[in-house]
Amino acid sequence: MACPHPIENIMRTTMEQLKEMVDVNTIVGDPVMASDGTMIIPISTVATGFVSGGGEYCVAGHGKKQKDDSGSSEDCRFPFAGASAAGISLTPMSFVVIGNGSVKVVPAQYNCTVDRIIEMLPRAMEELQKLAEKLCSCKKKHKVDQPIFDE
């Protein structure tokens, strides 16, 4: 039975190491609890890449059939040189904020002012609605029986 080529071992080891580095906890980070009870979960993108290569080099006296102790003859391997490299890029994209009875996604960075305005719009609408309700309740509370101006 032929043993695997050395490049297979290099590639297998590289892929196993990448698999250990990139898991679900890398993309969806561990939750962080704030002092007010708010939970913040980081969300990231992960990009990986790897390259692997090698070659066998002819050396005088190698590559011929040789007999081993059992009497069978097999090809000698040429000397092998190989290498692999891997890279990983981890970029934070957003944060999921859970607290005060709401869940919202906060981007890690804004591309332009319009993105920031769109993200703030729901909060601004809530504040305007509260202000309108407050004004209506004040009018009902201070209802005047007599008209302000005499006719």
Side-chain angles (χ1 to χ4, degrees), residues 1-60 62-63 74-151:
M1 182 169 142
C3 55
H5 198 275
I7 193 70
E8 291 177 29
N9 290 332
I10 291 173
M11 290 177 65
R12 185 177 301 109
T13 303
T14 303
M15 292 303 290
E16 287 171 2
Q17 294 298 318
L18 279 174
K19 197 190 248 183
E20 285 180 24
M21 286 191 302
V22 180
D23 63 358
V24 169
N25 293 329
T26 307
I27 297 166
V28 178
D30 293 328
V32 177
M33 294 298 289
S35 60
D36 64 349
T38 302
M39 184 187 308
I40 302 167
I41 304 170
I43 308 292
S44 303
T45 59
V46 177
T48 61
F50 90 100
V51 63
S52 183
E56 293 178 333
Y57 299 95
C58 183
V59 176
H62 279 78
E74 69 180 60
D75 288 332
C76 288
R77 292 188 187 254
F78 289 114
F80 177 78
S84 68
I88 184 168
S89 171
L90 180 67
T91 308
M93 294 303 293
S94 61
F95 299 94
V96 176
V97 180
I98 303 169
N100 298 330
S102 68
V103 176
K104 63 181 180 176
V105 178
V106 179
Q109 58 186 357
Y110 292 99
N111 293 331
C112 62
T113 308
V114 175
D115 288 345
R116 180 74 175 138
I117 292 171
I118 290 172
E119 195 270 327
M120 291 177 64
L121 198 57
R123 171 94 183 193
M125 293 302 289
E126 288 175 11
E127 293 298 323
L128 285 173
Q129 185 176 9
K130 287 178 186 177
L131 182 63
E133 288 172 1
K134 193 174 183 181
L135 287 173
C136 287
S137 67
C138 283
K139 284 182 181 178
K140 288 179 183 176
K141 196 184 283 184
H142 300 294
K143 188 173 183 182
V144 179
D145 292 333
Q146 304 237 346
I148 297 173
F149 299 107
D150 289 328
E151 294 179 14

List the atom pairs, donor and acceptor, that lie under 3.5 Å between side-chain atoms in residues 89-107 and the rest of the protein, sequence neighbours left out.
{"unit_1": "S102", "atom_1": "OG", "unit_2": "G99", "atom_2": "O", "d": "3.1"}

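With sequence neighbours excluded, the residues that form a side chain to side chain donor-acceptor pair (under 3.5 Å) with T14 are S84. For S35, the side-chain contact (heavy atoms from CB on, under 4.5 Å) test picks out no residue, with sequence neighbours left out. For A34, the side-chain contact (heavy atoms from CB on, under 4.5 Å) criterion is met by D36, T38, not counting sequence neighbours. Residues passing the side-chain contact (heavy atoms from CB on, under 4.5 Å) test with E127 are R123, K130, sequence neighbours excluded.
When the shell of 6.0 Å around CE of M125 is examined, it contains 12 or fewer heavy atoms from other residues, nucleotides or ligands.
One finds the CD atom of E133 at 11.5 Å from the CG atom of L128 (value rounded to the nearest 0.5 Å). If you take OG on S52 and CD on E8, they are separated by 10.5 Å, rounding to the nearest 0.5 Å. To the nearest 0.5 Å, atom CZ of residue F80 and atom CG of residue N9 are 9.0 Å apart.
The shortest non-hydrogen separation linking I41 to P31 is CG1-CB, 4.1 Å.
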